[in-house]
Amino acid sequence: MKKILVLCTGNSCRSQIAEGYLRYFANNNAEIYSAGIETHGVNPKAIETMKEDGIDISSHTSNNINEYMDIDFDYVITVCDNAKESCPYFPTKAQKFHYNFPDPAKAIGTDEEIKVQFRTVREIIKQYSQDFIKTNI
């Protein structure tokens, strides 16, 4: 079974959304993990936004990349430029992918405007995740 790691700066938002969708689209045909260079906790708005689309990530945890050093990943997907540039040496033969998704956690405006930005990023990540699984799993 293929192992996929989604990597972001704080493992709170984009990587959590991607983990949720990759898990959903892989349908138990891959092991999906997410981690950050740091851990910031799972963003409540990410949980809420995913719930709107029928995906429950409320039990996800924010993990540090160091927790996964012993896992031989097949794929590592960085979802922000900072993670790609700041990623410590990761001993793996994994094929690396990168997509710099906008960070909805930095959204500003009214509560509704922020929700719209979260939904927009969610849809971009959803499409990316579906395409990734279709192509690689």
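The residues of the chain are indexed from 1 along the displayed sequence.
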Exercise for the section: Would you sort out whether His98 and Thr78 count as a side-chain hydrogen bond (donor to acceptor under 3.5 Å, both in side chains), showing the intermediate values? Expected result: CA-CA 5 Å; His98 176 68; Thr78 49; 2.7 Å; yes
Problem - Polar contact flag, side-chain donor to acceptor under 3.5 angstrom, Asn11-Ser34 - result: yes
Problem - Glu19 bridged to Arg23 by N-O distance under 4.0 Å - result: yes
Problem - Transitive ILVMFWY side-chain link Ile57 to Val6, under 4.5 Å - result: yes
Exercise for the section: Output the distance between atom CD1 (Ile114) and atom CD1 (Ile108), rounded to the nearest 0.5 Å. Expected result: 8.5 Å
Problem - Verify same cluster id: Val121, Val116 (apolar side-chain graph, 4.5 Å) - result: no
Practice task
Determine, using the 4.5 Å side-chain heavy-atom cutoff (strictly less than), whether Phe118 and Val42 are members of one ILVMFWY cluster.
Solution key: no
Exercise for the section: Determine whether the side chains of Asn27 and Asn29 contain a donor N or O and an acceptor N or O closer than 3.5 Å. Expected result: no
Handout entry: Minimum heavy-atom distance Phe73-Tyr33, with the two atoms named
Key = CE2-CD1, 3.3 Å
Exercise for the section: May I ask you to check whether Gln130 and Tyr128 show a side-chain donor-acceptor distance below 3.5 Å? Expected result: no
Problem - Carboxylate-amine/guanidinium proximity below 4.0 Å for Asp103 and Arg14 - result: yes
Practice task
Kindly say whether Glu123 contributes a backbone atom to a donor-acceptor pair with the side chain of Tyr21 at under 3.5 angstrom?
Solution key: no
Problem - salt bridge (Lys or Arg N to Asp or Glu O under 4.0 Å) evaluation trace for Lys115 with Glu48 - result: CA-CA 9 Å; Lys115 283 181 181 180; Glu48 179 185 326; 3.6 Å; yes
Handout entry: Among Ile124, Ile125, Ile77, side chain to side chain contact (heavy atoms under 4.5 Å, CB included) partner for Tyr99
Key = Ile124
Handout entry: Phe132 ring center near Phe25 ring center (under 6.0 Å)
Key = no
Exercise for the section: Using the side chain to side chain contact (heavy atoms under 4.5 Å, CB included) rule, pick out the option among Gln95, Lys3, Glu31 that qualifies with Asp74. Expected result: Lys3
Fill in the blank from the handout: Rounded to the nearest 0.5 angstrom, the CG-CG distance for Asp72 and Leu5 is 12.0 Å
